[in-house]
Amino acid sequence: MRIVIASSEAVPFSKTGGLADVASSLSKALAEAGHEVWLVTPYYPQELAKLGDRAPKLEPLNLTLPIAVGTHLVTAQVYKTMLPGSNVSTFLIDQPEYFDRPSLYVDRLGDYRDNCERFVFFSRSVIQLAEALHFEPDIIHANDWQTALIPALLQIEGGMRIGLGQTASVFTIHNLAFQGQFWHWDMLLTGLDWKYFNWRQMEFFGNLNLMKTGIIFSDMITTVSPTYAREIQTPEFGCGLNGVLSSRRDVLVGILNGVDTEDWNPAHDRYLPKTYDVHTVDVGKAACKAELQKRLGLPISADKAVFGLVSRLTGQKGLDLVMGSTHDLMRHDVQLVVLGTGEPGYEAGLQRLAQEFPEKIAVTIGYNEELAHLIEAGSDIFLMPSQYEPCGLNQMYSLMYGTVPIVRSVGGLADSVVDATEGNVANSTANGFSFHEYRSDVLFRQVCRALGLYLDRRTWRQLQRTGMERDWSWKRSAKDYVAAYQRAIQKRRHDR
Ligand code: ADP
Ligand code: GLC
């Protein structure tokens, strides 16, 4: 199959969250399965500069694409490279006015005001690039609101574009909370007729809604876990689009993300002082724990249970519960290490806790890949009590690293973590702790359960082993994506 994956972020070129990991590792897995894969993403020079000499070499293509954005033409230059460690051809769309900025989507004042324009431009660039280079893809796979216009462009204009008349679209929802909603006049930027601005298609309570557009116009919709696929059809999790999603449930599937096991694998993780596998987990984790404690200035102690948390610091991630139960937690002889960046209120609140308990809590505000790996390996227990979680990668990293997760049973957390009930422990399916009710005291109860079992070394090892032995790689999920692509192609043929 010839597949184009369009994503507003992709590791190692840029990243604000799991979407960047998924775009690249799914591309790699599909290429490894024998498909011809293109990854298309914006060129953010300031992000690449951060990589220093680790930045992949980019080759400028002798190609200028004139992209219609509303009434004017904006040019796209293109760089080509290979996604490191793969044969995925990667194209970076260069337009400094739009993408040469300190961050991807927001500044201190909030969302960039021209976000609609920027990503209409990018979405059109993806299509015109495929046309200009005669790729004739079977599938264009768009992700989240930033590329959600692509399915509409394919369905409405695809027939007029050389080599794209047959191309089917798949649209993946990574986070329904971010919908790409803009005032109605931004419809003009899309270049599509006003007739599509109606409540059944692109309009949502008077605004242009790109997420809704992707849901309506794609041949297949996927989201990043089976549970989230069900949840988003309900008012509680549907962010107002539950009705729209239910109306398309026959083409909506949930596919759990995988882990890029080249990057995340305790057996060959380049950031760890000692690598380990399921047979050497005790010694390996002990070395990583000591290094973590040393690096963060915490007392070095093998016995104290270390709780880890790596996250964007936003409401989604259940930080209210963590902060609400920290004082209770501090009554125990434990340590808590947090790495994250995000909303100033959470950053300040966590830092205050660290000041209050300097011997027990270490909070690092910032983005730090290396420390993220060390926390996954050096902690005993990982906290992820998200309010909602489409998939979540960190709980899967934890499971692979023998770090037992405590999660709220929503979305992908529910699909990856099996609670240590007596029954699940007895039949060796348990790998962590989960709870439902969104309350600090309920989280704290799980913490106590975990601390109880932590002392029961035999059972603890079994929880670790169960997590570590499961295959979390992309292999299986990539197969499910191929099946979704095939359905999309059939549907496209059938509907034409
Ligand atoms: P989301 O995409 O909602 O943020 P995921 O769990 O899917 O959540 O993915 C988050 C990714 O970002 C993981 O790879 C995680 O390790 C990484 N990450 C988040 N915050 C940080 C941070 N402060 N430093 C390093 N990595 C981080
Ligand atoms: C989103 C979700 C996260 C998911 C990631 C990749 O950022 O919040 O749960 O893992 O996308 O699909």
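Whatever order the structure lists ligands and atoms in, that order sets their numbers, starting from 1.
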Which residue owns the protein heavy atom closest to atom 26 (N) of ligand 1, what's the atom, and how far is it? Tyr367 CE1, 3.3 Å
Just to be sure I read this right, does ligand 1 sit under 4.0 Å from the backbone of Ser311, its side chain, both, or neither, counting only heavy atoms? backbone
Do any N or O atoms from the side chain of Arg465 and from the backbone of Asn431 form a donor-acceptor pair under 3.5 angstrom? no
Side chains of Asp144 and His174: any donor to acceptor distance under 3.5 Å? no
Within-shell test, Cys391 vs ligand 1, heavy atom, strictly < 4.0 Å: no
Contact between Ser434 and Ile406 at the side-chain level, heavy atoms closer than 4.5 Å - yes or no? no
Interatomic distance, OG1@Thr403 vs CE@Met468, rounded to 0.5 Å, equals 8.5 Å
With no hydrogens and no angle check, do the side chains of Glu9 and Thr16 hold a donor and an acceptor under 3.5 Å apart? yes
Which atoms of ligand 2 have any heavy atom of Val224 under 4.0 Å away? 12 (O)
Please list, in number order, the atoms of ligand 1 under 4.0 Å from a heavy atom of Gly366. 22 (C), 23 (N)
Is it the case that Arg249 and Ser246 place a side-chain donor and acceptor less than 3.5 Å from each other? no
Residue Asn175 vicinity, atoms of ligand 2 by number, heavy atom under 4.0 Å: 8 (O)
Partner of Tyr228 under side chain to side chain contact (heavy atoms under 4.5 Å, CB included), picked from Leu256, Asn175, Val410, Asp415, is Asn175
For ligand 1, which atoms, with element, lie under 4.0 Å from some heavy atom of Arg312? 1 (P), 3 (O), 4 (O), 20 (N)
Atom 15 (C) of ligand 1: nearest protein contact (heavy atom, Å): Asn394 OD1, 3.1 Å
Gly392 N/O to ligand 2 N/O under 3.5 Å: yes
Answer with yes or no whether the side chains of Tyr367 and Glu369 bring together a donor and an acceptor at under 3.5 Å. yes
Please confirm whether the backbone N or O of Ser169 pairs with a side-chain atom of Asp219, one donor and one acceptor, at under 3.5 Å? yes
Under a 4.0 Å heavy-atom limit, does Asn368 contact ligand 1 with its side chain, its backbone, both, or neither? backbone
How far is atom 10 (C) of ligand 1 from its nearest protein heavy atom, and which residue and atom is that? Gly18 N, 3.8 Å
May I ask you to list the atoms of ligand 1 that are less than 4.0 angstrom from any heavy atom of Asp21? 11 (C), 13 (C), 14 (O)
For Tyr98 and Glu117, test the side chains for any donor-to-acceptor distance below 3.5 angstrom and give the result as yes or no. yes
Answer with side chain, backbone, both or neither: which part of Asn257 has a heavy atom less than 4.0 angstrom from an atom of ligand 2? side chain
Hey, are the side chains of Tyr43 and Leu48 touching, using non-hydrogen atoms and a 4.5 Å cut-off? yes
Check each atom of ligand 2 against the heavy atoms of Leu19 and keep those under 4.0 Å away; list them by number with element. 6 (C)
So is Lys317 touching ligand 1 or not, going by heavy atoms under 4.0 Å? yes
For ligand 1, which atoms have a heavy atom of Ala372 less than 4.0 angstrom away? 25 (C), 26 (N)
Which of the ligand 1 atoms, numbered from 1, are nearer than 4.0 Å to a heavy atom of Leu393: 5 (P), 6 (O), 7 (O), 9 (O)
Nearest non-hydrogen atom to atom 11 (O) of ligand 2 belongs to which of His174, Glu389, Met396? His174
Atom indices of ligand 1 within 4.0 angstrom of Tyr397 heavy atoms, with elements: 13 (C), 14 (O), 16 (O)
Can you label the angle between the Tyr401 ring and the Tyr276 ring as parallel, tilted or perpendicular, going by 30° and 60°? perpendicular
What protein heavy atom sits nearest atom 8 (O) of ligand 2, and how far off is it? Gln316 NE2, 3.1 Å
Can you check whether Lys317 has an N/O within less than 3.5 Å of an N/O in ligand 2? no
Side-chain contact test, heavy atoms from C-beta onward, threshold under 4.5 Å: evaluate it for Pro56 versus Met82 and give yes or no. no
In ligand 2, the atoms that come under 4.0 Å of a heavy atom of Val22 are 6 (C), 12 (O)
Looking at ligand 2, does any of its N/O atoms fall within less than 3.5 Å of an N/O of Cys391? yes
Given that the side chain starts at C-beta and the backbone is N, CA, C, O, which of these parts of Lys15 lies under 4.0 Å from ligand 1, counting heavy atoms, or is it both or neither? side chain
For atom CZ of Arg248, decide whether the heavy atoms of other residues, nucleotides or ligands shown that lie under 6.0 angstrom number more than 12. yes
